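Let me begin by presenting the structure, written as structure tokens, before commenting on it.
Everything quoted here is computed from the prediction, not taken from an experiment. Only this structure's heavy atoms are used, side chains among them; waters, hydrogens and symmetry mates stay out.
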Amino acid sequence: MYSETEDVIRALAENAESVCRAYLPAGRREGSYWIVGDLQNNPGRSLFVRLTGPATGPGAAGKFTDGATGEHGDLLDIIRERTGISRFPDLLTEARAHLGRPQPVLPDAPVPKKAKAPGSTPAAAAWLFAASVPVAGTLADTYLRSRGLTQGGVMSALRFHPKCWHRDEGQTRSLPRPALIAAVTDGAGALQGVHRTWLAPDGQGKARVETQRRAMGHLLGNAVRLTPHDDILVVGEGIETMLSLVEAMPGLPVWAALSSGHLGAVLLPEGLQRLYIAIDRDPAGRGAAERLSARATEVGIAVRVLEPRLGDFNDDLRATGKDALRQHLAVQIGPEDQQRLLG
């Protein structure tokens with residue numbers, strides 16, 4: 001039976017190098033592979049896209065693997081990551097456009113009574129964030145507190161949406177689920193995207209779905225600015241990780257970059273003198289810290305790395321408590337910032 005999706009994926013695989021040049025231009029071809037740093041199009045050699053091979057099965061053309069993170073998928077996944085498109089029909093539209101295929105002709109539809117939100121763009125992100133409510137007293141607050149995090153309710157970058165649409169890969173319909181919504185902003189403070197974490201109905205953990213987190217909008221170079229910065233800044237990956245540092249050291253200026261790839265590419269503010277990079281204890285986290293550290297050092301910013309005892313700082317917080325985490329951080333803070341950050 002004919003499947004347009006399978007046909008589009010097959011056509012993308014037949015034109016794998018063209019897709020890579022368009023969506024991962026920082027990479028280059030080496031033999032039968034396109035090699036680049038990661039799905040965020042950072043320079044490097046971690047992610048491999050097979051350019052030749054059979055249409056399906058082992059060694060198929062168009063398949064990728066990131067050696068640092070273990071991520072894998074096909075060319076549609078690459079297009080989705082690079083464009084921020086979350087709706088599958090819109091993703092197929094983007095793929096058809098790249099392949100130069102005509103879009104399907106749809107029957108005329110009645111004008112909807114209510115205008116729909118825009119697609120996966122900064123405008124759509126702003127619409128979703130505006131439709132959300134403050135965290136305090138919501139299921140998002142319950143979720144954060146279940147992870148030992150008490151400060152989320154006072155942070156303007158975080159909000160809650162009781163019925164945020166969710167659809168896993170392969171599903172035909174979306175379902176409304178409660179979600180923690182985080183604003184992704186640029187250096188001027190303009191909202192460029194949002195990050196969604198879908199929650200369990202009682203708030204005690206994440207939703208039991210395949211895809212528990214998803215971002216929309218323009219993320220590259222931007223971050224979730226949880227607290228204001230001055231000449232000192234702490235940047236890490238996850239929202240929960242960075243909130244854990246605030247629990248241990250209230251008033252700490254922290255940003256969440258949302259992933260290792262985005263951590264390595266985050267744009268640092270002017271006037272920054274010292275940068276602390278809060279890593280996750282895995283190869284991807286260390287690699288991202290190295291990339292960001294090199295960029296910061298080039299422009300004269302002093303860099304220190306904050307390393308957890310366990311997998312990340314939220315693991316530390318939940319395992320040992322905020323006082324022990326504070327003591328662990330104290331020995332990693334530079335002497336010039338001891339009094340200022342630790343009190």
Side-chain angles (χ1 to χ4, degrees), residues 5 8-9 12 19-27 36-42 47 49 64 66 69 71-99 103 116-132 157-159 161 164-171 174 177 179-198 209-225 237-239 255-267 288:
T5 299
V8 168
I9 292 174
L12 290 173
V19 176
C20 290
R21 290 189 181 279
Y23 295 97
L24 295 172
V36 70
D38 50 39
L39 281 175
Q40 286 70 48
N41 192 42
N42 290 306
L47 189 143
V49 185
F64 77 85
D66 190 324
T69 66
E71 292 177 280
H72 56 88
D74 57 28
L75 293 169
L76 268 183
D77 296 317
I78 290 175
I79 295 174
R80 175 170 48 227
E81 178 66 25
R82 296 299 301 135
T83 61
I85 295 172
S86 59
R87 292 186 67 252
F88 194 72
D90 296 338
L91 189 63
L92 285 181
T93 297
E94 173 74 15
R96 291 191 207 97
H98 176 80
L99 293 168
Q103 301 298 335
K116 293 184 178 180
S120 184
T121 63
W127 180 88
L128 178 59
F129 195 73
S132 304
L158 301 179
R159 294 177 75 87
H161 198 295
C164 183
W165 293 105
H166 175 276
R167 181 173 61 185
D168 268 331
E169 188 71 34
Q171 291 183 337
S174 299
R177 301 182 186 276
L180 172 68
I181 309 296
V184 179
T185 53
D186 61 20
L191 192 144
Q192 296 295 329
V194 293
H195 184 268
R196 296 156 288 176
T197 303
W198 281 279
V209 292
E210 181 179 346
T211 304
Q212 297 175 319
R213 304 171 185 265
R214 187 172 286 150
M216 63 190 299
H218 298 164
L219 273 65
L220 194 64
N222 302 316
V224 179
R225 290 161 166 81
E237 294 184 38
I239 295 168
W255 292 2
L258 300 176
S259 72
S260 58
H262 288 106
L263 176 61
V266 69
L267 298 178

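Here CZ of Arg82 is found 14.0 Å from CZ of Arg80. Values are rounded to the nearest 0.5 Å. Interatomic distance, Leu75 CG to His98 NE2, rounded to the nearest 0.5 Å: 8.5 Å. Summarising the geometry, atom NE2 belonging to His195 is positioned 8.5 Å from atom OG belonging to Ser259; distances are rounded to the nearest 0.5 Å. Interatomic distance, Leu92 CG to Arg87 CZ, rounded to the nearest 0.5 Å: 10.5 Å. Here CD of Glu71 is found 8.0 Å from CG of Leu47. Values are rounded to the nearest 0.5 Å. Note that CG of Leu158 is 5.5 Å distant from CG of Leu180, once rounded to the nearest 0.5 Å.
Side chains of Leu91 and Ile79 form a contact here, defined as non-hydrogen atoms less than 4.5 Å apart. No side-chain heavy atom of Val49 sits less than 4.5 Å from a side-chain heavy atom of Val36. At least one side-chain heavy atom of Ile78 sits less than 4.5 Å from a side-chain heavy atom of Leu39. In this structure, the side chains of Phe88 and Leu76 come closer than 4.5 Å at one or more pairs of heavy atoms. Annotation: side chain of Leu128 is in contact with side chain of Met216 (closest heavy-atom distance under 4.5 Å). Between Asn222 and Thr185 there is no side-chain heavy-atom pair separated by less than 4.5 Å. Between His262 and Leu220, the closest side-chain pair of non-hydrogen atoms falls below 4.5 Å. Side-chain contact check for Gln40 versus Glu81: some heavy-atom pair is nearer than 4.5 Å.
The shortest heavy-atom contact between Phe129 and Ala182 is CE1-C, 4.5 Å. In terms of heavy atoms, Leu12 sits closest to Ala95 at CD1-CB, 4.1 Å. In terms of heavy atoms, Glu237 sits closest to Ser260 at OE1-N, 3.4 Å. Between Ile85 and Glu94, the shortest heavy-atom contact is CD1-CB, 3.8 Å. Among all heavy-atom pairs drawn from Ser174 and Trp165, the shortest one is O-CZ3, 3.5 Å. Residues Gly27 and Asn41 come closest through the heavy atom pair N-OD1, 4.3 Å.
Checked by atom type and distance alone, the side chain of Arg196 never pairs as donor or acceptor with a backbone atom of Ala179 at under 3.5 Å. Under the 3.5 Å distance criterion, the side-chain polar atoms of Asp74 are matched with a main-chain donor or acceptor of Asp77. Side-chain N or O atoms of Asn42 include one that pairs as donor or acceptor with a backbone N or O of Gly261 at under 3.5 Å.
Between Trp198 and His166, the two ring planes are perpendicular [angle over 60°; tilted spans 30° to 60°].
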Practice item. Any chance you could lay out the side-chain contact (heavy atoms from CB on, under 4.5 Å) test for Leu258 and Ile239, step after step, and finish with the verdict? Key: CA-CA 7 Å; Leu258 300 176; Ile239 295 168; 3.9 Å; yes
